[in-house]
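First the structure, in the form of structure tokens, and then the observations on it.
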Amino acid sequence: MNDTFKHKGLRQQLVNILINKGITDAAVLKTIGHIPRHLFMDSSFLDHAYQDKAFPIAADQTISQPYTVAFQTELLKLNRDSKILEIGTGSGYQTAVLCELGAKVFSIERQLELFKKTSKFLPKLGYRPRKLIFGDGYKGMPEEAPFDGIIVTAGAPFVPTPLLSQLKIGGRLVIPVGDTVQTMTLFIRKGLKEFEKHEFGEFRFVPLLEDKN
Ligand code: SAH
């Protein structure tokens with residue numbers, strides 16, 4: 001697994017693109033400058049790894065666009081030691097970003113192939129999420145709740161209630177909501193049944209799959 005000066009240079013250019021697009025969180029930018037994104041993609045896509053684009057991975061899924069990863073991570077406002085649930089492990093790139101920022105990461109993937117591949121791959125790069133499971137993200141991870149933050153990395157047709165109820169008071173759910181186009185939405189839990197909602201413009205994700213489709 002090769003990470004060359006060329007890759008590092010390309011990553012720095014990517015960081016500059018993200019700064020120009022409005023990402024300001026220094027820790028997030030540093031993390032993106034550090035993680036070898038090309039290793040999370042099939043080798044035929046090597047040249048594309050440091051463009052600000054989503055790309056295909058296995059099982060008809062995509063590795064999220066770096067801007068989207070940065071934007072969602074920024075919205076989580078995590079600290080070292082934050083307990084974070086990710087829905088949609090995919091390639092593990094977002095998972096690695098969260099680990100690198102010091103979070104205790106729990107992640108769910110519903111494609112067996114990706115779950116197996118990414119579970120083996122992340123430790124090879126030195127990333128050790130607390131728990132990766134093969135399961136349905138609509139249900140969250142009740143056995144590990146409550147969480148400081150929950151990040152959904154697929155487009156949700158609606159906001160799954162279990163995710164809201166698995167937040168700590170003060171916790172943040174970052175979720176793209178919509179069918180073909182999604183509105184990036186942040187919920188902050190203010191009380192047992194009180195949530196503050198903020199919306200942040202349009203993004204495009206692969207769908208958060210229901211049942212067995
Ligand atoms: N964070 C990933 C994004 C992958 S795309 C990355 O950066 O690579 C979204 C992922 O969500 C896909 O891997 C898809 O299989 C997964 N997914 C879709 N529906 C899901 C569900 N109901 N529960 C958990 N994961 C789901």
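None of the values given here were measured: they were computed from a predicted structure. In each ligand, atom 1 is the first atom listed, and ligand 1 is the first ligand listed.
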inquiry  = Test your reading of the model: is there a side-chain donor-acceptor pair from E109 to the backbone of F115, 3.5 Å cut-off?
reply    = no

Q111 heavy atoms within 4.0 Å reach ligand 1 at atoms 15 (O)

heavy-atom search around atom 19 (N) of ligand 1 in the protein gives L209 N, 2.8 Å

The answer for which part of L114 has a heavy atom under 4.0 Å from ligand 1 is side chain

So for V69 against ligand 1, with non-hydrogen atoms under 4.0 Å, the contacting part is neither

Looking only at heavy atoms, the pair that brings D25 and E74 closest together is N-OE2, 2.8 Å

*Do any nitrogen or oxygen atoms of L208 come within less than 3.5 Å of a nitrogen or oxygen of ligand 1?*
no

Ranked by distance from atom 5 (S) of ligand 1, the top protein heavy atom is T62 O, 3.1 Å

Quick note on ligand 1: atoms under 4.0 Å from a heavy atom of Q94 include exactly 1 (N), 7 (O)

- Message: Parallel, tilted or perpendicular, judged at 30° and 60°: which one describes the rings of F200 and F71?
- Response: perpendicular

**Asked** In terms of side-chain geometry, is the basic nitrogen of K104 or E144 positioned less than 4.0 Å from the acidic oxygen of its partner?
**Response** no

| request: For Q182 and F205, indicate whether the former's side chain and the latter's backbone hold a donor-acceptor pair under 3.5 Å. | output: yes

Note: ligand 1 atoms sitting under 4.0 Å from heavy atoms of E86 are 1 (N)

With sequence neighbours left out, the residues meeting salt bridge (Lys or Arg N to Asp or Glu O under 4.0 Å) with K117 are D42

Test salt bridge (charged side-chain N to carboxylate O under 4.0 Å, His left out), reference D148, set K83, R189, K168, output is K168

The protein heavy atom nearest to atom 10 (C) of ligand 1 is G88 CA, 3.7 Å

Only residue of I188, L186, T185 satisfying side-chain contact (heavy atoms from CB on, under 4.5 Å) with K197 is T185

Of all protein heavy atoms, the one nearest atom 12 (C) of ligand 1 is Q61 OE1, 3.3 Å

Per-atom filter on ligand 1: closer than 4.0 angstrom to a heavy atom of Y138 are 22 (N)

If we number the atoms of ligand 1 from 1 as shown, the ones under 4.0 Å from a heavy atom of S64 are 3 (C), 6 (C), 7 (O)

Honestly, for P207 the part within reach of ligand 1 (heavy atoms, under 4.0 Å) is backbone

For atom 17 (N) of ligand 1, the closest protein heavy atom turns out to be R110 CG, 3.8 Å

Note: ligand 1 atoms sitting under 4.0 Å from heavy atoms of V206 are 5 (S), 9 (C)

closest protein heavy atom to atom 23 (N) of ligand 1 is G137 N, 2.8 Å

Handout entry: is_close_aromatic(F121, Y127), centroid dist under 6.0 Å
Key = no

Per-atom filter on ligand 1: closer than 4.0 angstrom to a heavy atom of I108 are 24 (C), 25 (N)

Rounding to 0.5 Å, atoms CD1 (I151) and CD1 (I87) come to a distance of 10.0 Å

When distances are taken from atom 6 (C) of ligand 1, the protein heavy atom at minimum range is S91 OG, 3.5 Å

Tell me whether the count of non-hydrogen atoms from other residues, nucleotides or ligands lying under 6.0 Å of NZ in K21 goes above 12.
yes

| query | Is the shortest N/O to N/O distance between Y93 and ligand 1 below 3.5 Å? | reply | no

In sequence, state the C-alpha distance, the side-chain angles, and the governing distance for T73 and Q94, and then conclude on side-chain hydrogen bond (donor to acceptor under 3.5 Å, both in side chains).
CA-CA 8 Å; T73 308; Q94 173 76 68; 3.0 Å; yes

Among non-hydrogen protein atoms, atom 13 (O) of ligand 1 lies closest to E109 OE1, 2.7 Å

Going by the 4.0 angstrom heavy-atom rule, the piece of E210 near ligand 1 is neither

Quiz item: Have Y50 and H7 got a donor and an acceptor in their side chains that come within less than 3.5 Å?
Solution: no

